[in-house]
Every structure is written in structure tokens, then in C-alpha cells.
Protein chains: 2
Amino acid sequence: MTLLDSVVMQGLARHAALTAEDKALLLGLELNPRRMSAGEVLWQESADVDLFCVVKEGWAYSYRNLGNGSMQILKVYLPGDIIGMRDFGFSRRLAGVAMINAGVVSPFTHQQLFEIFSRSPALAAGIMAMAVRQQALLTERLVYLGRYAAHERLAHFLYELYLRLKRIGAVEENGFHVPLSQEQIGDALGLSAVHVSRTFSMLRDEGLVIRDRQRTVLPDPDALAQLVEFSGTYIDEALPSVFQSFA
Amino acid sequence: MTLLDSVVMQGLARHAALTAEDKALLLGLELNPRRMSAGEVLWQESADVDLFCVVKEGWAYSYRNLGNGSMQILKVYLPGDIIGMRDFGFSRRLAGVAMINAGVVSPFTHQQLFEIFSRSPALAAGIMAMAVRQQALLTERLVYLGRYAAHERLAHFLYELYLRLKRIGAVEENGFHVPLSQEQIGDALGLSAVHVSRTFSMLRDEGLVIRDRQRTVLPDPDALAQLVEFSGTYIDEALPSVFQSFA
DNA sequence: GAATGTCGATAACCTGCGTTATGAATATCT
DNA sequence: AGATATTCATAACGCAGGTTATCGACATTC
């Protein structure tokens, strides 16, 4: 899973907006793979911002530990995602990041990012677009936290994972591996672990979700999509055509 | 209120990272001021992405209208903010934007933004940093929606406004003008209008917030900050030092 | 200045979700 | 294999916040 494979960069490449040098620059971000174990912390909240990471294998999540003892999970990162762009322009981390399961990440530095901004406006725009897409997913979750009930939040969360995993080829027969505990899912959705369990039972009874340990199956993804009126076609959307004339 | 006055750009200027040409490019974004009336819609959700805007006067907000009839307000824009960066890299708007009260905005095009990315890596990084800062505020609200009770959400919302307004000189004697109805505040915080009213009464009884029509006073901002353990020093934070060597 | 509409306060009632607790199933360790 | 820790399901209970309704204070329109 390299950055060149990502939807945004594929889009730029298709429009021939990426030169050979651009591609080399991009691959340069992934030269230092590092193996991570489950639960390992990449960085803590408030740590100095020195690196960003490309996720090569495994899942990670960013989180905030709150004064009232609870935790809010902000985002789940899958292979091919860039971690840490949230902190670009800040000197301290706004959130901690930890691995969910074992995996491999490729750290790269601030300097490398500046290098890219200086040498390739096309890549600068592409990276900006990737960061903005991540934000779009966050915004979608904000909407769900604000205005939808537990079963809609959970359905939306699972459907988002389904779409993102399908894009990277990690879905088989509508089923996929979800290494998150119900407690962690609750921390992502602003629900208690108990209520996540109740809600899973409810979705199971309605035939929308089957979950056996870490294996999750969506027997009828379209029915689920209908329940959450998923406005997320944009996940797979190509860059707008104005990007074509920009190389 | 021009972009050059913003915290990020001031930071870049202080480090002499902005050339005269950079400044001219930036001012070029604000050449076409347009007067807007209260409630006027800048664009609807799903509209084509053609422009971005600098807010010169007045307040605006971005919002999503939901299938269940409710609305979620995503972000409130104050003078000096850029509207629409959320949609960069997409062909359709992810959210609608409307004025709250009357004001003035300066639209600029995709092309102008590309021009800036091509001609000035420093400005590219600066604009990226501004976009990321906006996201940081959104993320903070996501945390509050997920894990805090009504009075904490409202206190946090008001304190965020207080800090942002103070930065642009719109706070006098700890008081400021808030042109939002309680219903709109509820739409931002994921609460019903009734409960926003209840919560205002509660904060009033505790001597933390005085609200008379559109005038809001925080008699003791520090006490409020303590209640919300505001982790928002980053709003005023300068760019990290690595940006200095980058011009 | 009457008529109409918007906004906010307060009350009464109800429900979705948090909390606490218990037991079963599974994973991890030795 | 036995011991211990995690994870999950389900139940009982309570409360924060949603919903509906009513009323008064202002604004806006003619």
C-alpha cells in the first residue's frame, strides 16, 4: 500500500499531472518502514511535532484523553492513510495516535513535506486534497454525533469502514476484519460500551449486521447505506477537473 | 480585516518568509468585496465548487440539512476567516454556507488558489496551516459533542467565540455581540433549542454567562475556561519554528 | 397602532442512553 | 491445564436531554 496508490494521487497521475520527479518525491516518503506492535503509541498528545506517517499495514487511531476520564477517538487510520497532517502548522500534537493491531508505518519529516511543497505544486495540491478528504470524514462523524441516534451512528461507522476497506481490497463477501473492541467503537461514537453492545444486538436482529468476534459482515450493504443515507460518494470521487489544467 | 492580518500570515511575515510578491498575491484574493444581507446563502450543499471566500465583515456559518429534518451547523465563520477550504479537492460542496447577519465577503477562484500554490510555497504552507487550524476547532467540537454534557458544550462554544473575537478586537469588557439564535446554537451543539435555553439559565444562575438578547457577557472568562478545560491555546499559537527556515 | 411573526423562558412528560452489576465466552499467561 | 484478564451480552435503574405546549417580550409590516 503506497501513497501513489491512493485515490487522489491516482487521479493526478491519470491526468498526467505528476512528473517522474513527483513520483520519486512521493515514494521518498515511504523509505523508512517501521514495524509496530498492537497498542503501540506513535505519539502522545502535546508531544512535539516532528514526523508524519504513512500507514503501510495495520490499523491505527488518533484519540484525545479527556479530563472527565473518558476518551474520544477521532479517526481510524487504514493502510494508505497519512497520519498526522492534522498537526501540520502546529508545534504540539493535538491528539495522540496508537496502533490498534500490529502493522507497519513509514515516518517522514516536516522537512520532506516542505521539500515537496517547494518542488511540486501538483503534489502540494494533492496532499492538501488528501488532508481535506480526511477532514470530510471527520465532519461526517461530527454530524452523526450531533444529530443521530446510536443505531444510526453505528451503522454509519460500519458503512464508512466498509467503503474504505473495499477501496483497498480488504472486503470479502461483504465481510471484513474489525480489530476494534466495542469499548473502542463506543469511544469513537460517543457511546458507552454497553450501549454499543445493545445496538449491535439490535442491528443483528434486523439482519443488517452480523458480528462474530472481530469479523463483521454486512449481509445487505445497500440496506445499511439506506439507513444512514450515506453522503459519502465523495470518498471515491476523483479530483475536480480544474486540477487537470494544473501541472 | 484582511488575510494578511491573520495569525498565520502574521507569523510568516514576522519570519520574513513572505516576499513583497507573496503579499501582493494574498491581497489579490480580496479584490472583489461583495455586500451580503442577513440570511443570504453563499452556496447550497452539493453545488459546484467554484469559489472560496474571505469574510471581511459579518458572521457566516456552514451547515448540513439532514434527512431527519434537523440541521447541523458545522462551523461559525468570523471576519478574517476563509470559507470553503473544506471543499478544496472536491467538485461538489460538502456543506451549505449562509450569512448569519449582514456583512461583506470577498470571493476568489480555484485558479487564484492554484496560482498561489504555484508561485509561493510559503503561502501554500500558510494556507494549508490556516485550513488545518480551522479543522482543529472542528475536532475540538467533535470531542465535545461526543463526550461532554450540555453545559460543558455551551460553555466551550462561548469560550471559543470569546477567544476568536478577542483576537480580532471584537470584545469589550468581556462582552461581545452574538447574532445567533438559541435554535442556531442548538444546531451547532447538537442540542434542542429548549435545552439551550435551560442551559443558559443554568450558566446564568452560576454567574458564568450573562445574556441579554444578542449581547453576551462572560463576567469571569477564566472561571469559564476552567470549566471547559479549554485546550485551545493553539488558536493563537505561532507557526512552529521549522517554518522559519522555509522561504 | 393593530396584526403578525420571531425569540426566549419555563413547565410537564417521556425516552434513549449512561451506569452498575452479573455471568458466559474467549484470549493470554504460566 | 489451570489461573487470570478481556470482551461481550443482558438486565435493572436513573437521569439528561428531547418533545410539546404555553406565555410574555420584542420586532416587523401594513
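Letters go in sequence order (proteins before strands), and every chain restarts at 1.
Atom CD in B:Glu183 sits roughly 11 Å away from atom C1' in C:dT6 (whole-Å rounding). Per the geometry, CZ belonging to A:Arg213 stands 5 Å off C1' belonging to C:dT26, to the nearest Å. Separating the CZ atom of B:Arg211 from the C1' atom of D:dA25 is a distance of 15 Å, rounded to the nearest angstrom. Atom-to-atom, CG of A:Asp205 to P of D:dA9 comes out at 11 Å; the value is rounded to the nearest Å. The nearest whole Å value for the distance from the NE2 atom in A:His195 to the P atom in D:dA16 is 17 Å. One can place CE of B:Met202 at 18 Å from C1' of C:dA11, the figure rounded to the nearest angstrom. In this entry the distance linking CG of A:Asn101 with P of C:dA27 reads 16 Å, nearest Å. As rounded to whole Å, 7 Å separates atom P of D:dT7 from atom CD of A:Gln184.
Using a 4.0 Å heavy-atom distance criterion, B:Ala193 is classed as making no nucleic acid contact. Counting non-hydrogen atoms under 4.0 angstrom, A:Gly186 reaches nothing in the nucleic acid. A:Ser192 comes within 4.0 angstrom of a nucleotide base, judged by non-hydrogen atoms across all strands.
Distances shown here put a side-chain N or O of A:Ser197 below 4.0 Å from the OP1 or OP2 atom of D:dA9. For A:Gln182 and D:dT6, the shortest distance from a side-chain N or O to OP1 or OP2 is not below 4.0 Å.
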Pair B:Arg204-B:Ser201, side chain to side chain donor-acceptor pair (under 3.5 Å): steps then yes or no: CA-CA 5 Å; B:Arg204 175 181 15 85; B:Ser201 302; 3.1 Å; yes
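With hydrogens and angles ignored, the 3.5 Å screen pairs a side-chain donor or acceptor of A:Arg147 with a backbone N or O of B:Leu191.
Remark: A:Arg93 engages A:Asp50 in a salt bridge, criterion side-chain N to carboxylate O under 4.0 Å.
Judged by closest nucleotide on DNA chain D, A:Val194 is the one of A:Arg147 and A:Val194 placed further toward the 5' end. Projected onto DNA chain D by closest heavy-atom contact, B:Thr199 and A:Ser201 fall at different nucleotides, the more 5' of which corresponds to A:Ser201.
Ring-plane geometry between B:Tyr159 and B:Tyr162 is classed as tilted, the angle between the planes lying from 30 to 60 degrees on a 0 to 90 degree scale.
Cation-pi geometry between A:Arg141 and A:Phe157 is not met at under 6.0 angstrom from the ring centre and within 45 degrees of the axis.
Evaluation of atom-type donor-acceptor distances gives no pair under 3.5 Å for the side chain of B:Arg198 against the base of C:dG8.
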